[in-house]
Amino acid sequence: MASESSPLLAYRLLGEEGAAFPLNGAGGASGVPSARKLSTFLGVVVPTVLSMFSIVVFLRIGFVVGHAGLLQALAMLLVAYIILALTVLSVCAIATNGAVRGGGAYFMISRTLGPEVGGSIGLMFYLANVCGCAVSLLGLVESILDVFGAVLWSANSTMAACEWKVQESRSCSVFSIRQNPEEVGSTANEGVDLLARLGTGLCCHCEWFYVDAGNETQASMYGQKTTYLTAGMSQAPVGSRFCPRVMAGICSTARFCWASWGVCTLGAGLYARASFLTFLLVSGSLASVLVSFVAVGPRNIPLAPRPGTNGSSVPHRHGHFTGFNTSTLKDNLGAGYAEDYTTGAMTTFATVFAVLFNGCTGIMAGANMSGELKDPSRAIPLGTIIAVAYTFFIYILLFFLSSFTCDRALLQEDYGFFRDISLWPPLVLIGIYATALSASMSSLIGASRILHALAQDDLFGVILAPAKVVSVGGNPWGAVLYSWGLVQLVLLAGKLNTLAAVVTVFYLVAYAAVDLSCLSLEWASAPNFRPTFSLFSWHTCLLGVASCLLMMFLISPGAAGGSLLLMGLLSALLTARGGPSSWGYVSQALLFHQVRKYLLRLDVRKEHVKFWRPQLLLLVGNPRGALPLLRLANQLKKGGLYVLGHVTLGDLDSLPSDPVQPQYGAWLSLVDLAQVKAFVDLTLSASVRQGAQHLLRIAGLGGMKPNTLVLGFYDDAPPQDHFLTDPAFSEPAEGTREGGSPALSTLFPPPRAPGSPRALSPQDYVATVADALKMNKNVVLARACGALPPERLSRGSGSSAQLHHVDVWPLNLLRPRGGPGYVDVCGLFLLQMATILSMVPAWHSARLRIFLCLGPREAPGAAEGRLRALLSQLRIRAEVQEVVWGEGAEPGEPGEEEGDFVNGGRGDEEAEALASSANALVRAQQGRGTGGGPGGPEGRDGEEGPTTALTFLYLPRPPADPARYPRYLALLETLSRDLGPTLLIHGVTPVTCTDL
């Protein structure tokens, strides 16, 4: 089991009892031990730098600076890196707060926000990596087409006999490859000749393959061939031998690194070392570019011809490399958005920013490798920060150098101008190819790890089941195949800039989720959230979320709305399917924090009768016999507090442990199955009366404390077992609850047998009522609730149910008196409770009837008018019926309390007769329709009218003498006998108000 020393992110993530994760988070979710041997530099810095450079650093610097100008380009770069930096701070905070397992960002998000949100965002992040892989491959294809132009090649010809017809490329290098290699001319073309063989290896499956720079379908096919190489390097198991024929077409200048790519198939460690070699190649290429800006003198660079408006040819144009020139810098300061020659669309701030940001979205490359890092909690933050700082410096330097030395025509018309100004152009091509392949491989590997983690968590069921398959060495080759197949589909887009906006939006969604995760943990103020990385606050997290969402809609409102809609649908799907509950939900911590804050603000001294609502404490002995009462009390609460209380008899001094704590799970399951919005409060006491006192005093918190006690009626009726008849409790699946808990039928004892001893005596029952009234609590005694119509206890509207009456008798029938005696606090409390019930959807169709008891000398009509005026002021819609009651009975003594009738001048026989007469009067009115007049029952010629579903009666106050408690209970039994479902209510607090 997890202990207090368990890391926060690994808390309760145990597969078996007693099995814990290592403190560094080692151990994959698949059960296959993964070798954690990558250092910070090889495992985080190198893949993150290569992913953040990707193809943009070589092929889109001119695109950004040429269209946006230096000032806007710097602003874009600053905004992009601010978003990245805010996200990096959040990643560092989460990564240093506990053990991070495989899955990287998905693991962080899902274990913080829960499986529903984490799973949906994890899938979005997976799609972002898949699309990022496709973008890198399309950038590689674009570079190849930019160098070699259109190619016509027959695969049936041998390499010695094949003839290449290479059209004029953007560098305007025209050459031909024949059987005799001596025909190749210049030194520069010799390097290009060597690079030309790359097409051979990539296109070896085509019979006739024609590549045209303007044909998106052929370009996508070219990219699809490249993914064979990338996928093979990503998933081959340990000991496999990658066929060298796939690498045979790699250019001579890059052929020495094919073994490095092949060695990636042998595991993450060798992949990291191969990435390091690629890092050296890219760094060398960038160094040559930086040196070339200084060493190369001014030159004119021919630009590719563009067709005229009518298809006519346009004279050759030239771009100018001016060297360091202030005039060139001045011309490049402002924006000059023009047509993008790769797509034919006009560029805008949003499209340029999308391309730039897409090249910087590799900050999660190191986090995605968390399952292979020695110490992910240290390596992820340190390596990511180093990589972000390094790439930011390189981008700034390239922006300034390009603006100082290249005119706008060169920047806008030749995105690959680095090759044209380089001291040795093939070295730039090597850098482009190495960067594109490494970035695509990094994205594919990261995507496969995320998909494998999603499959291991079993969030999407059998759809991702094949992604769980791993090799002997732990490589998830099943997830790699999944990812490779999706990349093939994405490549059909055909153009890098076409995908840039979608990929950027997907990454921004993932980054916003990481910031939101950290923000949630910070706002929850959980004691276990104490990351060792402290350079963050909730301000940075909130700013990160807001900036990501803002940039999403600025870049592409359609893609942003679609991604959020997709995420919502995935969250709804996962919510309906149900996910692991042992991960821990930060929403619970946030709710606790907010509830505590608002409970402190809920000042009981500011309570007002206008905003009164019932807050119920229902004491339940055995829920098997009280299920209808549970649901009726849930309807009476009107958004107020509802507490289920239970008293377990015993003495803690004589027990080895508290018997109450293990019972909470069963009671909470009862609340869930009964579909009531109630809290559970259990106590241990020597008697039920003392336990009820405990609950009345300590249940609730702050301004949310019970003000009304609800008890079942104390009679001799045998209790029913409603678990046997209620569909929610009689389903066969009840025995297989979440976590393997036993069924409720085994947790609660069977109902008490008739004649068996009770836990509560009649004396203590009445004393409990008296105690509640002394504590200024209202009291409700519920009798025969099991006979309530089932449709009235449902959660539906009840509009099609049979018509019923709800009868209210706001007069103490055991103490009749004339005059307006019904307008007292208790009578108004009855009216309020009946009105609250009529506001429940299941009771909307029931008719509320209020019975006005006339005194022996009171004329009919006068009291009814006063009562209707009162009901109008209280906004209560009800029928008023007058009945004559108390004729021949003397009114109470002037000093007699309204509840002390037993102690008054009447004897027991007189009180018994009065209770029987009142019971007969109520029963007579229950079957009457609205047309009957006051007095006794009057039939309606055999027509069956609405019946009374529930009766509200005035509960007299118990006598002052405890010795008369049994007699008091007997009178209540006589008063409510055979009335069907009845609520005897005594209110002590004002609950109605006629003011605004």
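Nothing fancy with the numbering, it's 1 onward along the sequence. Source: prediction; values computed, not measured.
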Can you tell if the side chain of [X] reaches within under 4.5 Å of the side chain of [Y], non-hydrogen atoms only?
{"X": "D420", "Y": "F321", "value": "no"}
{"X": "F553", "Y": "L564", "value": "yes"}
{"X": "L329", "Y": "S403", "value": "yes"}
{"X": "L290", "Y": "L398", "value": "yes"}
{"X": "D331", "Y": "T328", "value": "no"}
{"X": "N129", "Y": "F506", "value": "no"}
{"X": "L86", "Y": "S90", "value": "no"}
{"X": "L84", "Y": "F392", "value": "no"}

Minimum heavy-atom separation for [X] and [Y], please, with both atom names.
{"X": "T351", "Y": "T348", "result": "OG1-N, 2.7 Å"}
{"X": "I61", "Y": "S402", "result": "CG2-OG, 3.6 Å"}
{"X": "C541", "Y": "L519", "result": "CB-CB, 3.6 Å"}
{"X": "V64", "Y": "A73", "result": "CG1-CB, 3.9 Å"}
{"X": "A68", "Y": "V352", "result": "CB-CG1, 4.2 Å"}
{"X": "G122", "Y": "Y106", "result": "CA-CD1, 3.7 Å"}

In terms of ring plane angle, is the pair [X] and [Y] parallel, tilted or perpendicular, where the classes change at 30° and 60°?
{"X": "Y390", "Y": "F279", "value": "tilted"}
{"X": "F349", "Y": "F353", "value": "parallel"}
{"X": "Y511", "Y": "Y507", "value": "tilted"}
{"X": "F404", "Y": "F324", "value": "tilted"}
{"X": "F58", "Y": "F418", "value": "perpendicular"}

Taking [X] for the side chain and [Y] for the main chain, is one N or O donor matched with an acceptor at less than 3.5 Å?
{"X": "S440", "Y": "L437", "result": "yes"}
{"X": "S556", "Y": "A559", "result": "yes"}
{"X": "T504", "Y": "A354", "result": "yes"}
{"X": "T435", "Y": "I432", "result": "no"}

How far does [atom1] of [X] sit from [atom2] of [Y], to the nearest 0.5 angstrom?
{"X": "I394", "Y": "S283", "atom1": "CD1", "atom2": "OG", "result": "8.0 Å"}
{"X": "T540", "Y": "I82", "atom1": "OG1", "atom2": "CD1", "result": "12.5 Å"}
{"X": "T278", "Y": "I430", "atom1": "OG1", "atom2": "CD1", "result": "12.0 Å"}
{"X": "Y337", "Y": "Q72", "atom1": "OH", "atom2": "CD", "result": "3.5 Å"}
{"X": "L303", "Y": "Q412", "atom1": "CG", "atom2": "CD", "result": "10.5 Å"}
{"X": "K330", "Y": "L70", "atom1": "NZ", "atom2": "CG", "result": "14.0 Å"}

Check step by step if side chain to side chain contact (heavy atoms under 4.5 Å, CB included) holds for I83 and C548.
CA-CA 7 Å; I83 296 175; C548 288; 3.5 Å; yes
Between D340 and T347, do the side chains contain a donor N or O and an acceptor N or O under 3.5 Å apart?
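Note: T347 and D340 side chains miss the donor-acceptor criterion.
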Just checking, any donor-acceptor pair under 3.5 angstrom between side chains of Y81 and T391?
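Yes, a side-chain donor-acceptor pair sits under 3.5 Å.
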Tell me, yes or no, whether the heavy-atom count around F400 atom CZ, taken from other residues, nucleotides or ligands under 6.0 Å, exceeds 12.
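12 or below, so no.
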Applying side chain to side chain contact (heavy atoms under 4.5 Å, CB included) to L429 and R419, what does each step give before you reach the verdict?
CA-CA 7 Å; L429 295 179; R419 183 181 62 255; 3.5 Å; yes
Check the pair H320, L410 against side chain to side chain contact (heavy atoms under 4.5 Å, CB included), reporting the backbone distance first and the verdict last.
CA-CA 6 Å; H320 302 284; L410 177 61; over 6 Å; no
Would you sort out whether V91 and I363 count as a side chain to side chain contact (heavy atoms under 4.5 Å, CB included), showing the intermediate values?
CA-CA 10 Å; V91 170; I363 60 173; 5.7 Å; no
